[in-house]
Amino acid sequence: MKRVLLVLVLCLSGCGLDVNSALPYKVLPGSIQPEQSLQGVEITVGSKDFTENILLGYLAEMALSAAGADVVDLTDLKGSQTARQALLTGEVDVTWEYTGTGWINYQGNELPVPGGEQAQYDATKKADLEKYGVEWLAYSPLNDQYAFAVTEAYGEQHGLKTTSDLAAFLTQNPDQAVFCLETEFTSRQDGFPAAQRTYGFPATEVKNFGIGTIYSAVAGGTCPVGEVFTTDGRIAAQKLRVLEDDKKAFPQYNVAPTVRAEFLARYPQIRGPLEKVSAALTNDQMIELCRQVDVEGKDAGEVARDWMVSKGFIRTD
């Protein structure tokens, strides 16, 4: 059985991206069974550089390895655009993407699709196939949305439950309009610009952090307000209050495996293992997986492996 590949500092020929080395354990078939047509097929899986997407990358790698493929790991690529370009150019074959990101960032739209998760997925899927030749497999119940958070104490003190509450409070108290934000979120159209358009925040001071440090920065008082992912396990650990996006500034962000159409046409058998994993994911489960990595300090690959085993998708030695 082929081993899933993890971090090794080698370089793919001509691509400038890092290939990763083998996990110290085998991935054996469980309910995901080997596909004859995938035996010996090299499939490169990429991910973005935050915990949830890295976990998703490992889940895909293990599913495809159980199905018989030779999996190459390119998780932890720096930023959405890097991961996206790697997919388009063929440096990776599978990535997990978010419907809102596809619609706003890659398709160039400014507003979310009205009508909820299915409508956002359908529009994104259609546009990405027509414009870029990218197929979206079935989307997951996992819907990781952007939100703003404050500490529970700060939210209670100022009566903040929604982002509209926050906008009204900051208008009256402009000295408190200090946001801890990830650099990418500051400029991407489905990020802070969308919130500013929708809620009319007053002039703000922005402090840029890596996404992993925003939670502790808000908890420690560096900024009253921070950007968070709603499935991040550090929200509870840092005693933060997530403010409701009551005016729906941010799109739906259901996650789905994405793959070039020509690659899927050659290897349609990858659909089954990936969609099986996708269908089993929920927000609550991802919060727990992220908590194990970001709060307990567990290895993301091991956390992903344990979840796959618990679902019966794979076995290990």
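Values in this document were obtained by computation on a predicted structure and should not be read as measured data. Values below: all heavy atoms of this structure, side chains included; hydrogens, waters and symmetry mates excluded. Numbering of residues begins at 1 and proceeds along the displayed sequence.
- Between atom CD of residue Gln292 and atom OG1 of residue Thr51 there is a gap of 12.0 Å, rounded to the nearest 0.5 Å.
- Residues Thr44 and Glu91 form no side-chain contact, since every pair of their non-hydrogen atoms from C-beta on lies 4.5 Å or further apart.
- With a 4.5 Å cut-off on side-chain heavy atoms, Ile314 and Val309 count as touching.
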Would you sort out whether His158 and Val150 count as a side chain to side chain contact (heavy atoms under 4.5 Å, CB included), showing the intermediate values? CA-CA 10 Å; His158 300 295; Val150 297; over 6 Å; no
Quiz: residues 216-228 side-chain donor-acceptor pairs under 3.5 angstrom, not counting sequence neighbours:
from: Ser216; atom 1: OG; to: Thr213; atom 2: O; distance (Å): 3.1
from: Glu227; atom 1: OE1; to: Glu182; atom 2: N; distance (Å): 2.7

Output, in order, the C-alpha distance, side-chain angles, deciding distance and verdict of side chain to side chain contact (heavy atoms under 4.5 Å, CB included) for Leu264 and Leu137. CA-CA 10 Å; Leu264 184 62; Leu137 305 188; 3.9 Å; yes
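- Between the side chains of Asp122 and Tyr139, no donor-acceptor pair of N or O atoms lies under 3.5 Å.
- Judged purely by atom type and a 3.5 angstrom limit, Asp93 has no side-chain atom pairing as donor or acceptor with the backbone of Ile43.
- In this structure the side chain of Glu184 reaches within 4.5 angstrom of the side chain of Ser80, judged on heavy atoms.
- By the side chain to side chain donor-acceptor pair (under 3.5 Å) test, Gln85 pairs with no residue at all, sequence neighbours left out.
- The side chain to side chain donor-acceptor pair (under 3.5 Å) test applied to Thr171 returns no partner, not counting sequence neighbours.
- Summarising the geometry of Trp96 relative to Leu56, their closest heavy-atom pair is NE1-O, 2.8 Å, with the distance given to 0.1 Å.
- Considering all non-hydrogen atoms of both residues, Ala300 and Ile54 come closest at CB-CG2, 4.3 Å.
- When the side chains of ILVMFWY residues are joined at heavy-atom separations under 4.5 Å, either directly or via intervening members, Leu111 and Tyr253 end up in two distinct hydrophobic clusters.
- Counting heavy atoms from C-beta on, the side chains of Tyr58 and Val71 never come closer than 4.5 Å.
- Nearest heavy atom pair, residue Pro29 against residue Ala66, reads CG-O, 3.8 Å.
- With Asp299 contributing its side chain and Glu302 its backbone, the two residues share a donor-acceptor pair below 3.5 Å.
- Scanning both residues, Leu77 and Ala86, for their nearest heavy atoms gives CD1-CB, 4.2 Å.
- Residues Gln196 and Thr204 form a side-chain contact, since some pair of their non-hydrogen atoms from C-beta on lies under 4.5 Å apart.
- Looking at Asp128, its side chain never comes within 3.5 Å of a backbone N or O of Thr124 through a donor-acceptor pair.
- Atom NZ of Lys126 and atom CD of Glu130 lie 3.5 Å apart (nearest 0.5 Å).
- Asp76 has a carboxylate O that lies under 4.0 Å from a charged side-chain N of Lys78, or vice versa, which qualifies the two as a salt bridge.
- Hydrophobic cluster membership differs between Leu59 and Ile287, with clusters built from Ile, Leu, Val, Met, Phe, Trp and Tyr side chains linked at under 4.5 angstrom.
- Here Trp307 pairs with Gln285 under the side chain to side chain donor-acceptor pair (under 3.5 Å) rule; sequence neighbours left out.
- A 4.5 Å side-chain heavy-atom check between Met308 and Arg305 finds every atom pair outside the cut-off.
- Of the possible polar contacts, one joining the Lys125 side chain to the Trp136 backbone as a donor-acceptor pair under 3.5 Å is found.
- In this model, a donor atom of one side chain and an acceptor atom of the other lie less than 3.5 Å apart for Thr75 and Asp73.
- The minimum heavy-atom distance linking Ala203 with Ala177 is given by the pair O-CB, 3.7 Å.
- Between Thr151 and Leu240 there is a side-chain heavy-atom pair separated by less than 4.5 Å.
- Judged by distance alone, with hydrogens and angles left aside, the side-chain atoms of Ser140 form a donor-acceptor pair with the main-chain N or O of Ser278 at under 3.5 Å.
- Summarising the geometry, atom NZ belonging to Lys247 is positioned 10.5 Å from atom CG belonging to Asp245; distances are rounded to the nearest 0.5 Å.
- Atom CZ in Arg84 sits 7.5 Å away from atom OG1 in Thr95 (nearest 0.5 Å).
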Please determine whether ring pair (Phe, Tyr, Trp, His ring centres under 6.0 Å) holds for the pair Tyr132 and Tyr106, giving the CA-CA distance in whole Å, both sets of side-chain angles, and the decisive distance to 0.1 Å. CA-CA 9 Å; Tyr132 294 106; Tyr106 305 150; 7.9 Å; no
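- For the pair Thr101 and Arg188, the minimum side-chain heavy-atom distance is below 4.5 Å.
- Listed for the Arg241 side chain is a donor-acceptor partner under 3.5 Å among the backbone atoms of Leu160.
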List the steps, then state whether side chain to side chain contact (heavy atoms under 4.5 Å, CB included) holds for Val41 with Ile270. CA-CA 11 Å; Val41 174; Ile270 68 174; over 6 Å; no
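- Note on Leu281: it clusters hydrophobically with Phe313, by side-chain heavy-atom contacts below 4.5 Å among ILVMFWY residues.
- A 6.0 Å sphere centred on CD of Glu288 holds more than 12 heavy atoms belonging to other residues, nucleotides or ligands.
- Counted by atom type alone, Asp294 and Tyr215 present zero donor-acceptor pairs between their side chains at under 3.5 Å.
- Glu42 places no side-chain N or O within donor-acceptor distance of the main-chain N or O of Ala69, the cut-off being under 3.5 Å.
- The backbone N or O of Val92 lies less than 3.5 Å from a partner atom in the side chain of Arg260, making a donor-acceptor pair.
- Remark: side-chain polar atoms of Gln120 are paired, donor with acceptor, to backbone N or O of Val113 under 3.5 angstrom.
- Counting only N and O atoms by type, the side chains of Tyr98 and Gln145 include no donor and acceptor under 3.5 Å apart.
- A donor-acceptor distance shorter than 3.5 angstrom exists from the side chain of Ser31 to the backbone of Gly312, with no hydrogens or angles considered.
- Note that OG1 of Thr198 is 12.0 Å distant from NZ of Lys248, once rounded to the nearest 0.5 Å.
- For Val45 against Ala60, the heavy-atom pair with the smallest separation is CG1-CB, 4.1 Å.
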Please determine whether side chain to side chain contact (heavy atoms under 4.5 Å, CB included) holds for the pair Leu55 and Cys290, giving the CA-CA distance in whole Å, both sets of side-chain angles, and the decisive distance to 0.1 Å. CA-CA 8 Å; Leu55 284 164; Cys290 289; 4.1 Å; yes
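- A salt bridge between Lys48 and Glu97 is present, with a side-chain N of the basic residue lying under 4.0 Å from a carboxylate O of the acidic one.
- When hydrophobic clusters are built by joining Ile, Leu, Val, Met, Phe, Trp and Tyr residues whose side-chain heavy atoms come closer than 4.5 Å, directly or via intermediates, Phe192 is not grouped with Ile104.
- Evaluation of the side-chain hydrogen bond (donor to acceptor under 3.5 Å, both in side chains) test over residues 263-274, restricted to residues two or more places apart or in two chains, returns Ser37-Gln269, Glu262-Arg266, Arg271-Glu275.
- Between Phe185 and the choices Tyr146, Phe209, Phe50, the ring pair (Phe, Tyr, Trp, His ring centres under 6.0 Å) rule is met once, by Tyr146.
- A single hydrophobic cluster is seen to contain both Leu166 and Val206, as judged by linkage of ILVMFWY side chains at heavy-atom distances under 4.5 Å, directly or through other members.
- Ring centroids of Phe148 and Phe201 are separated by less than 6.0 Å, placing the two rings close together.
- One side chain, Asn208 or Thr186, offers a donor N or O that lies under 3.5 Å from an acceptor on the other.
- In terms of the side chain to side chain donor-acceptor pair (under 3.5 Å) criterion, residue partners of Asn143 (sequence neighbours excluded) are, by chain and number, Glu117, Gln252.
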